[in-house]
Each structure stands twice: as C-alpha cells, then as structure tokens.
Amino acid sequence: MAPALQQPTPSETITIDASSDVTITGKIYTRVRLATKSDLSHIYQLFYQIHEYHNYTHLYKATESSLANLLFKENPLPLFYGPSVLLLEVSPTPFNEPTNEGFKPVLTTFDLKFPVVEGQVEEFRSKYDDKSDAYIAGYAFFYANYSCFYDKPGFYFESLYFRESYRKLGMGSLLFGTVASIAANNGFVSVEGIVAVWNKKSYDFYINMGVEIFDEFRYGKLHGENLQKYADNKEKNDEGSC
C-alpha cells in the first residue's frame, strides 16, 4: 500500500480489450465513501452477490425500493446511527481530493502484484460524480446497536463483501479499518458481529484485525414460523379479551 497519490501513465495501468473489460496493472486507486441514493442499483446487486456467495439467494427478498426505504429515509437518523453502507471504489487513475461531507471519503493507493480485471464495466461503474473510470468493488454494511452492558452505542457489523476481482488485495483491511475508525472517532464503544467459524480465511482476517472471538456465546435467532407463532398468539389473546 503506497501513501502517495501519483498520476499514473495510462498505457502502463489500464488496457481495454474488445469485450470492454478494463485491466489495471501497477497501481490501483481506491476511495471509501458513504453510499448515496444514486448507488441503489449497485447496493442491490452487491447484496444479491453476497447471498449468492453463501448459497442464500432463495432468501433474498430485497428490492431497490425496499433498500431505499431502509438506507435513505426522508427523515434519517443521525449519521451512522441508522443502517449505513460504505462503498469501496477503484480506479486506474487518482481520485480528486475529498470535500468536507458528513463523512470525508478515504483515498488510498495499492501496488498490485498481479493484474486486476474489471469485467463488469457498465454494471458497476460508479455514479457518484463525473469520474467515468471508477468502479464499485465492495461494501461494508453496519448500524448502531445498544447493550445494557455499555453506556454508549456500538456498531453491529452486518457484512463485508468484495466482488471476486478485488479479493486478496488487502482492501478488506482498509474497509473494515475505516468502519473501526468511524466508531473510535465518534464515541461508539465497539464493532461487533457474527464471524463464521467455518470460513477460516474470514475468521483469520477478523482475528488479525483485532477482533476478539467469544467462544462462550452462541448466536441465537428466532425467525420464520417460530416467530410468526407469537403474532398468531397475540391475535388469539386479543380475540379472547373481547
């Protein structure tokens, strides 16, 4: 990872073949920013892809409309207290310096050990600004949670996902580290979530990022028919009280 942002020589960093794939070599420039409503189609596709990765597409019920209602309400909660998505974008050329927004985008450069091919140029071209060679590589999804054990809220880290072309580049550390930095700098006491013990690479990643795994706790979930029973019982109780 190189700290300096230097203008690359286009012929050395990007090639476009007949199929419109973009191949980046040498350096790749990244921007981590807060998602906006213009990113809805990309978020929808990325959420679908993580379901596909876990073989859960049969459970994917979201639509772009439902995601808009979840992520971009007309009267939103304070920044980072509601459901929040950070997007990591990549480009063969440098990003402009970030402006002062609610969250100042993070710019970084990676030295590539092998070529990276963007094979879905039009599907994942960023719509954030007028930079036409920026592509959505991955996301982090998190929101504030609360516990009686702490006097302040923390973050529940729901998921982190990268499209296949952008894995094994070290970008996961950048994205998770950005979420942790937001928490630490804004008074949140923790970043916590589910770690899949079967996925050793993922498990080792979070351990290396400083996440403590608590073996004495098990994840519990009340859902589906078992949850619906409570709604049915309430209806029966309401009927019996008449």
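The shortest side-chain heavy-atom distance between Ile136 and Gln45 does not fall under the 4.5 Å cut-off. Within the 4.5 Å cutoff, no side-chain heavy atoms of Asp129 are placed close to those of Phe95. In this structure, the side chains of Leu71 and Phe141 come closer than 4.5 Å at one or more pairs of heavy atoms. Residues Thr30 and Met171 have side chains in contact (heavy-atom distance under 4.5 Å, counting atoms from C-beta outward). Proximity of Ile194 to Tyr156: side-chain heavy atoms (C-beta onward) are separated by under 4.5 Å at one or more points. Here the side chains of Leu86 and Leu34 are in contact, with some heavy-atom distance below 4.5 Å. In this structure, Met209 and Val191 have side chains that are not in contact, with every pair of non-hydrogen atoms separated by 4.5 Å or more. Within the 4.5 Å cutoff, side-chain heavy atoms of Leu88 are placed close to those of Phe162.
Between atom CG of residue Asp39 and atom CZ of residue Phe72 there is a gap of 6.5 Å, rounded to the nearest 0.5 Å. We find the NE2-CD distance between His42 and Glu64 to be 9.5 Å, quoted to the nearest 0.5 Å. Between Lys221 atom NZ and Leu227 atom CG the span is 10.5 Å, to the nearest 0.5 Å. Separation of atoms NZ (Lys113) and NZ (Lys168) is listed at 12.5 Å; rounding is to 0.5 Å. Once rounded to the nearest 0.5 Å, the distance linking CD1 of Ile43 with CG of Leu70 reads 9.5 Å. The CG atom of Asn226 lies 7.0 Å from the NE2 atom of His223; values are rounded to the nearest 0.5 Å.
No chain of hydrophobic side-chain contacts below 4.5 Å, direct or via other Ile, Leu, Val, Met, Phe, Trp or Tyr residues, connects Val117 to Ile28. With hydrophobic clusters built from ILVMFWY side chains whose heavy atoms lie under 4.5 angstrom apart, Val85 does not share a cluster with Leu175. At a threshold of 4.5 Å between side-chain heavy atoms, the hydrophobic network of Ile, Leu, Val, Met, Phe, Trp and Tyr places Ile182 and Leu87 in two separate groups. Cluster annotation: Phe142 is connected to Leu160 through the hydrophobic network of ILVMFWY side chains, with a link wherever side-chain heavy atoms come within less than 4.5 Å. In the hydrophobic clustering of this structure, Phe124 does not group with Tyr29; members are Ile, Leu, Val, Met, Phe, Trp, Tyr whose side-chain heavy atoms approach within less than 4.5 Å, directly or through other members.
Relative ring orientation between Tyr60 and His51 is described as tilted, the plane-to-plane angle lying within the 30° to 60° band. In this pair, Tyr139 and Phe47 present their aromatic rings tilted. The plane angle is within the 30 to 60° band.
Between Leu79 and Gly102 the shortest heavy-atom distance is CD2-O, 3.3 Å. Between Tyr146 and Pro153 the shortest heavy-atom distance is CE2-CB, 3.4 Å. The shortest heavy-atom contact between Ser91 and Ala134 is CB-CA, 4.2 Å. Closest approach of Val116 and Ser165 over heavy atoms only: CG1-O, 3.7 Å. The two residues Pro98 and Leu107 make their nearest non-hydrogen contact at CD-CD1, 3.5 Å. Nearest heavy-atom pair across Thr178 and Leu174 is OG1-O, 2.7 Å.
There is no side-chain donor-acceptor pair under 3.5 Å between Lys61 and Ser66. At a cut-off of 3.5 Å, with distance as the only test, a side-chain donor of Gln49 or Tyr161 sits close to an acceptor on the other residue. Side-chain N/O atoms of Thr63 and Ser65 include no donor and acceptor closer than 3.5 Å. Side chain to side chain, Tyr166 and Glu118 meet the donor-acceptor criterion of an N or O pair below 3.5 Å.
Two rings, from Tyr150 and Phe188, have their centers 6.0 Å or more apart. Tyr206 and Phe176 have their aromatic ring centers within a separation under 6.0 angstrom.
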*side chain to side chain contact (heavy atoms under 4.5 Å, CB included) between Leu169 and Leu112, intermediate numbers included*: CA-CA 8 Å; Leu169 299 176; Leu112 296 175; 4.1 Å; yes

*Step-by-step side chain to side chain contact (heavy atoms under 4.5 Å, CB included) determination, Tyr135 to Arg125*: CA-CA 4 Å; Tyr135 311 101; Arg125 191 190 303 276; 3.9 Å; yes

*Are Asp111 and Lys27 close enough, and set up right, to give a side chain to side chain contact (heavy atoms under 4.5 Å, CB included), and what steps lead you there?*
CA-CA 5 Å; Asp111 292 317; Lys27 291 183 183 295; 2.9 Å; yes

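Under the 4.0 Å criterion applied to side-chain N and carboxylate O atoms, Lys131 and Asp133 are assigned as salt-bridge partners.
Other residues, nucleotides and ligands contribute only 12 or fewer heavy atoms inside 6.0 Å of the CD atom of Glu74. In the displayed structure, Phe149 atom CZ is contacted under 6.0 Å by at most 12 heavy atoms of other residues, nucleotides or ligands. The environment of CG in Asn69 is crowded: more than 12 heavy-atom neighbours from other residues, nucleotides or ligands sit within 6.0 Å.
Looking only at distances, a side-chain donor or acceptor of Ser126 sits under 3.5 Å from a matching main-chain atom of Tyr128. The closest donor-acceptor contact from the side chain of Ser181 to the backbone of Gly177 lies at 3.5 Å or more, if one exists at all.
Among Lys127, Arg33, Arg163, the one residue that satisfies the salt bridge (Lys or Arg N to Asp or Glu O under 4.0 Å) test with Glu89 is Arg33.
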